[in-house]
Amino acid sequence: MARPAVNAEGVSKRFGATVALDGVDFAVACGEIHAVVGENGAGKTTLIRILGGVHRPDRGVVRVDGVERHFVSPRDAIAAGIVTIPQELRLVPALSIAENIALGDLPVRRFGPLALIDRTRMYEQAREVLAELDFAPDPRAAVASLGFAERQLVAIAKALRRRCRVFILDEPTAALEQREITRLFSVLARMQRQGTAIIYISHRLDEVAAIGDRCTVLRDGRVAALATRGAFTADDLAAAMTGGAAKQAVTASLAGGDPLLDTRPDGTTHFRLRAHEVVGLAGLLGSGTDRMMRGLFGAGNEAARVEVAGEQRRLASPRDAIAAGIGMVPGERSLGLIMNQSVRDNILLPNLDTLSRMGYLDRDAGDRIVAEVMELVDIRPRQPSLKVGALSGGNQQKVILAKWLARRVAVLLLDDPTQGIDVAAKAQIHALIGDVVARGGGALIYSSDLGELARLCDRVLAVRQGRVMASLDRRAGIDESKLRNAIGG
Amino acid sequence: ATAQQNVTIGVSLAQDDNPFYIAMLRGIRGRAQELGWDVATVSANEDKLKQINGVQDLIARGVKGILISPIDAVGVNAAYDAAAAAKIPIVSVARGSTSPNQTIHVAMDEKQIGRDIAEWTARRLGGKGKVALLMGPSGAPTFRNLGDGYSEVMAKYPGIEIVFRSDGPLTRERGVKQAEDVLVAHPDLTAIYTANDDVALGAMQAVNAANRKGKTLVTGMNGVPPALRAVKEENLAMTVELNPGEWGRLGVDVLAAFLKGDKVEPRVFIKHVIIDGANVDAKLPKT
Amino acid sequence: MTKLSLRFDPRMKRTLNTWNLAGQMPLLSLILLCAATAVLTNRFLSPFNLTNILVQSSIMAVIAMGMTFVIVGGGFDLSVGSTAALSGCVAGMVMLEAGIAAGVAAGILAGAAVGLANGVVIAFLNVNPFITTLGTMVLVRGVVFLITGGAPVSGESGLPSEFVAFGSGRFLGIHYLVWIPAVLLAVLSFVMHATPYGRRIYATGGGREAAYLSGVAVRRVIASTYVWCGGLAGVAGVMLAARLQSGQPTAGEFYELTAIAAVVLGGASLQGGEGTLYKSVIGVFIMIVLGNALNLLNVDSYWQRVAVGAVIIAAAAAERLRSHRASSQ
Amino acid sequence: MTKLSLRFDPRMKRTLNTWNLAGQMPLLSLILLCAATAVLTNRFLSPFNLTNILVQSSIMAVIAMGMTFVIVGGGFDLSVGSTAALSGCVAGMVMLEAGIAAGVAAGILAGAAVGLANGVVIAFLNVNPFITTLGTMVLVRGVVFLITGGAPVSGESGLPSEFVAFGSGRFLGIHYLVWIPAVLLAVLSFVMHATPYGRRIYATGGGREAAYLSGVAVRRVIASTYVWCGGLAGVAGVMLAARLQSGQPTAGEFYELTAIAAVVLGGASLQGGEGTLYKSVIGVFIMIVLGNALNLLNVDSYWQRVAVGAVIIAAAAAERLRSHRASSQ
Ligand SMILES: Nc1ncnc2c1ncn2[C@@H]1O[C@H](COP(=O)(O)OP(=O)(O)OP(=O)(O)O)[C@@H](O)[C@H]1O
Ligand SMILES: Nc1ncnc2c1ncn2[C@@H]1O[C@H](COP(=O)(O)OP(=O)(O)OP(=O)(O)O)[C@@H](O)[C@H]1O
Ligand SMILES: [Mg+2]
Ligand SMILES: [Mg+2]
């Protein structure tokens with residue numbers, strides 16, 4: 001292997017009592033794609049944040065081209081040619097797409113000492129990099145007007161635009177469709193040929209197996225395995241990550257109970273969810289699945305009129321929906337959780353009414369429920385007083401599910417619930433959905449991963465422009481390619 | 001028949017939430033009504049720029065003359081300049097200005113009032129004791145002058161010591177709080193000077209609560225009815241009657257004389273009267 | 001993790017864990033301040049002065065508790081000073097006509113009504129709380145002057161003597177004025193921490209969208225915090241009228257800034273979702289003890305301002321130490 | 001999309017697209033206010049009165065521009081009023097000793113120094129901006145009283161006559177005091193919209209973390225906004241001294257609230273990242289025209305407060321119409 005472009009030697013990092021990294025060695029060479037995988041909370045993000053100048057290691061050193069460097073801020077790392085696409089989307093919603101892409105390095109025209117923004121060039125550059133991803137929004141539109149996955153593309157474009165020697169991607173594909181992923185990979189391949197060192201973090205192990213030259217597996221803050229291309233398969237990685245064999249996802253039960261949720265037969269969006277049934281929503285970026293989901297939860301612009309368990313209901317707010325036995329896991333975690341509050345408070349939030357004893361809160365009952373559901377969902381650490389913001393992504397997602405499981409809702413609306421979640425946690429979440437369905441509930445699930453839908457669902461509805469265009473039934477067989485055709489991908 | 005075209009005069013108050021100015025405005029309005037004049041009022045709430053702006057607005061409105069209680073002797077001179085430029089007479093009432101464009105000043109002798117209060121207090125104390133000064137808002141010249149007059153006289157009494165001195169807003173609440181604290185620091189305090197009756201009434205409460213009634217004299221200033229009642233009940237040792245209503249009437253009369261073309265002295269003084277147990281009965285509003 | 005430990009309030013547990021320094025900065029600042037003053041003047045710890053401090057703090061403590069509701073809910077209220085003045089004057093006017101009980105009730109209701117107006121505009125019309133309550137601050141002050149003609153409200157012969165006596169009276173050796181915030185603190189702490197409603201306030205302030213998607217009626221919760229704030233400002237206004245033996249139309253100026261400062265010194269976040277009633281009260285004590293100390297030490301009133309400004313900043317900086325580790329930037 | 005259209009500033013384009021209503025609420029409010037007043041009194045549109053309005057707005061406009069920097073950067077500044085008083089007094093004192101130019105420079109520098117202190121504490125010590133600038137507001141006022149002894153600064157025979165003349169003089173028929181904000185508006189708008197530095201302010205206010213990860217020196221940017229704000233408050237303080245023909249230690253009280261109200265009326269978000277200088281100036285005009293109109297109409301000063309409060313809330317509510325669609329709940 002060539003000389004590393006950047007490497008970490010024996011880096012350790014603690015956050016309070018948590019040891020996020022413990023003596024990790026890591027290196028990436030020019031022209032190499034080095035994948036990093038590991039369970040949620042294994043320390044992947046912490047590692048690349050150290051390389052990117054966000055955190056300073058407690059022990060160990062970072063070298064760039066063999067020279068020891070002590071980055072004080074991301075600015076230093078960027079100046080050294082290390083550019084990162086962070087895991088949590090970091091864009092400025094009020095600024096335009098082009099400004100976000102150029103931020104930190106705005107193109108200027110100089111008039112003597114005066115440097116003015118060169119807007120023409122800024123828009124051109126934005127258009128160019130966005131085109132590489134097959135994405136052509138108006139670069140002058142505000143980022144706030146974009147959907148979650150579209151913002152992900154902008155974040156990628158932003159990093160692509162920086163000429164860099166080391167390119168770090170922290171779960172860039174978590175919310176993306178196959179089409180965008182393919183585009184991204186071809187861009188990465190080109191950069192690789194040009195000699196860029198690439199660090200690629202993902203939970204989609206087949207992806208990793210496909211593009212990684214080498215792969216580091218982190219477990220509990222240590223390097224559990226380091227393998228080169230050809231020497232590992234997705235299953236090997238899963239085994240190394242968890243320290244044992246992973247279960248594959250469940251297959252759904254046989255469908256067909258009483259109708260649980262029936263949208264008004266207003267033509268194109270009509271569908272029905274029955275007990276014991278998992279229905280999928282599939283759609284491309286901007287197809288409106290998220291709006292459909294919010295609408296059903298009473299959080300759309302207009303009240304939803306639906307039949308729940310055979311009863312006509314008007315859902316004007318999430319409160320109405322919850323009262324009708326519906327729970328939703330939103331696509332963005334920050335919408336599902338109050339980050340600076342404890343796991344306990346978050347889980348109890350939708351359950352407060354049931355814990356009210358003549359106006360006051362039954363703490364003991366609350367604690368029992370929290371303990372029970374944390375056990376059931378396997379939230380780690382089992383510490384109800386921990387702030388949710390300090391949990392890893394997978395555990396955060398489980399907390400959102402726990403809120404609704406504690407309430408025993410009949411209908412779960414899940415907007416990309418396994419996005420950014422490790423294989424083991426993903427299997428657990430699938431199992432939990434299975435449990436809900438088994439005890440007579442129903443689930444409506446959107447996923448950016450069509451394979452997941454194909455495995456999980458009894459029926460998948462293909463959505464385009466907010467309308468249900470087709471319905472694929474499990475009995476007729478569902479597979480990824482059929483789905484892709486149905487949604488127009 | 002001469003007042004067919006109604007004359008409007010402008011009034012610019014330093015504040016609109018102080019009983020003194022409220023009473024003064026009432027006097028102005030009363031006298032103006034007798035003359036068949038209209039009154040346009042603006043209030044600055046102790047903001048100098050706002051006072052200049054208000055006077056400009058009055059000029060824009062086309063008033064024939066302006067009565068102003070300037071917040072500062074220099075700071076609002078631009079208002080006087082603007083009036084002069086528009087050839088409108090501008091009469092200071094109560095507070096005064098250094099502006100050459102001030103037409104007339106209907107004034108009180110602030111330093112002299114301060115001296116009179118001090119003399120009265122010193123006599124009562126027999127030339128011995130500890131005194132606290134609760135003065136007016138920082139930077140307001142009237143209250144600085146009052147305090148200076150007061151301190152000047154007290155300096156002549158070796159037996160009297162000023163142990164506390166503080167600026168603050170003219171509110172009853174502040175009177176209570178600061179008097180409470182001073183009485184902790186100096187339990188043997190013999191007199192509290194206050195710049196205003198509201199402060200005095202607050203200080204008086206603290207004195208009574210500390211069981212110092214009669215032992216710590218509280219003096220007021222302005223002569224508002226509740227203060228007169230307190231003097232009557234011997235809770236307040238004395239206050240000074242300024243009769244702001246009368247003051248306002250005088251201001252209108254002076255302006256009227258000037259507009260008629262009569263000769264008026266540039267400074268017209270209003271009398272102040274010390275009110276204590278001896279003469280309070282005559283001053284109490286009849287019930 | 002044993003079954004037993006689950007029965008503890010996690011909040012209490014966290015507090016215990018970190019008692020030593022973090023989270024208790026406001027209390028430490030207060031103790032430091034008191035100790036320094038006690039060293040400089042022996043009168044500070046006299047029973048008489050301690051009583052003073054309690055009484056002086058009482059009114060602001062009630063206002064700061066109301067402000068805590070609003071700030072925890074993610075809002076802001078500049079109108080509390082004007083509201084207190086309104087309540088005091090309304091209470092006085094009604095009292096002179098219809099007796100003490102009616103007066104007190106009217107005063108508190110007037111405050112709650114202002115709070116309701118604020119709450120509706122802010123929560124349901126989505127107007128910025130800063131600008132809304134700035135508007136009500138000015139507007140309500142105008143209303144106070146209009147109804148009183150700018151003159152203090154005390155009638156011909158003063159407010160009813162029982163009411164005036166209440167302003168300086170004691171029960172078990174403690175002023176009534178001090179009992180009120182003490183009882184309110186106990187009751188309201190229960191509301192904030194032990195009722196579903198209280199938890200919803202924290203949730204709404206901590207993440208409005210997430211709370212909404214969890215079925216919290218966020219608008220109603222937000223509006224309700226302003227009603228608390230207005231109602232408590234009303235209580236404070238009535239207390240103030242008792243203490244000043246009159247309804248004072250000019251009372252309460254700058255109360256809003258003092259109250260917000262106290263709440264922030266008590267560790268609340270103006271982002272919402274954080275804050276504790278008793279710590280806000282500690283914040284009030286810091287402000288009041290500081291003023292008391294400077295008066296006792298006969299510090300020049302100009303230097304007093306310098307000292308107050310410096311201490312506010314220093315106390316806030318000390319409080320930052322606590323959250324320093326928590327925030328990465 | 002043609003090549004040509006790319007050359008437009010997108011902001012302008014966006015503004016044009018939505019000109020009809022959204023985004024121009026402040027201007028519409030102002031026009032409505034002017035129209036209503038003009039109907040009620042024919043004196044409103046007299047040249048004398050229009051000049052009045054311009055001069056009256058000038059000083060607050062300068063302060064509001066500084067406040068816009070801070071608010072766009074995600075901050076808050078309560079200390080501008082005290083800072084303006086400090087600058088006016090420092091300018092006066094230095095001017096009496098060392099001439100006009102030195103005085104003006106000293107005044108502005110004093111303001112910038114206060115801003116720098118605020119900025120360092122807020123950006124680098126991470127202390128809450130509300131509490132920090134509340135502290136400086138009180139502290140700086142104390143300093144002003146200390147250096148002036150509480151008395152206005154005008155020397156034995158007044159400030160230099162050229163300086164006083166400047167306060168009422170004109171150039172091309174327009175007051176100098178009006179030229180200053182006009183020129184500043186042009187220059188500073190350019191800074192905010194056409195330079196990378198300006199965009200970094202928006203980015204920092206709109207998403208501090210994102211800006212930080214993009215390599216923006218967020219702390220330096222934030223600190224710099226306070227320096228602008230302090231420096232511009234310094235300019236305003238010097239203008240005020242010229243207008244008041246003296247340095248006034250008590251000047252500038254409540255300016256902070258008026259300035260913040262103007263900026264928010266101009267559509268800025270107290271969350272940061274949004275706001276435009278010229279709209280903040282429109283916000284100032286709304287406040288000043290309102291006062292002017294009420295004076296011309298001889299509205300009682302108590303009713304004036306009621307009207308000002310109501311209009312502030314109404315204008316803010318109108319401005320909400322714009323962003324209404326954006327907020328989902
Ligand atoms: N700022 C922080 N404060 C406290 N704990 C933290 C912080 N950042 C990370 N951690 C903890 O460090 C551990 C490693 O986190 P890290 O984000 O690196 O995991 P990850 O491998 O990226 O997980 P994921 O797949 O969920 O993104 C976790 O236990 C996490 O809770
Ligand atoms: N999001 C963040 N995560 C972690 N640390 C942060 C973050 N934001 C700021 N910091 C801390 O702030 C410090 C300074 O940040 P920043 O680069 O904004 O300051 P600066 O003064 O502009 O830079 P410099 O001092 O290097 O010139 C960094 O060293 C870092 O520790
Ligand atoms: Mg991660
Ligand atoms: Mg740095």
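Numbered from 1 within each chain, the chains take letters A, B, ... in sequence-line order. Bear in mind that the values here come from a model prediction, so they are computed numbers and not experimental data.
- Looking at C:Ile312 and D:Ile131, their side chains come closer than 4.5 Å, going by heavy atoms from C-beta outward.
- With a 4.5 angstrom heavy-atom cutoff, C:Leu257 touches chain D via backbone and side-chain atoms both.
- Of the listed residues (C:Val311, C:Val306, C:Val140, C:Leu270), the one with the most heavy-atom contacts under 4.5 Å to chain D is C:Val306.
- Across D:Val143, D:Ile260, D:Thr132, D:Thr136, the residue that shares the most heavy-atom pairs under 4.5 angstrom with chain C is D:Ile260.
- Checked against a 6.0 Å centroid threshold, the rings of D:Phe130 and C:Phe130 do not count as neighbours.
- With a threshold of 4.5 angstrom between heavy atoms, C:Val121 approaches chain D through side-chain atoms but not through N, CA, C or O.
- Atom CZ of D:Phe254 sits about 9.5 Å away from atom CG of C:Leu134, to the nearest 0.5 Å.
- Using a 4.5 Å heavy-atom cutoff, the side chains of D:Asp300 and C:Leu146 are in contact.
- Between the CD atom of C:Glu253 and the CD atom of D:Glu253 there is a distance of 9.5 Å, given to the nearest 0.5 Å.
- When all heavy atoms of D:Val127 and C:Ala316 are compared, the pair lying nearest together is CG1-CB, 3.6 Å.
- Residue with the most contacts toward chain C among D:Asn128, D:Thr133, D:Leu78: D:Asn128 (heavy-atom pairs, distance under 4.5 Å).
- Once rounded to the nearest 0.5 Å, the distance linking CD1 of C:Ile313 with CG of D:Asn118 reads 7.0 Å.
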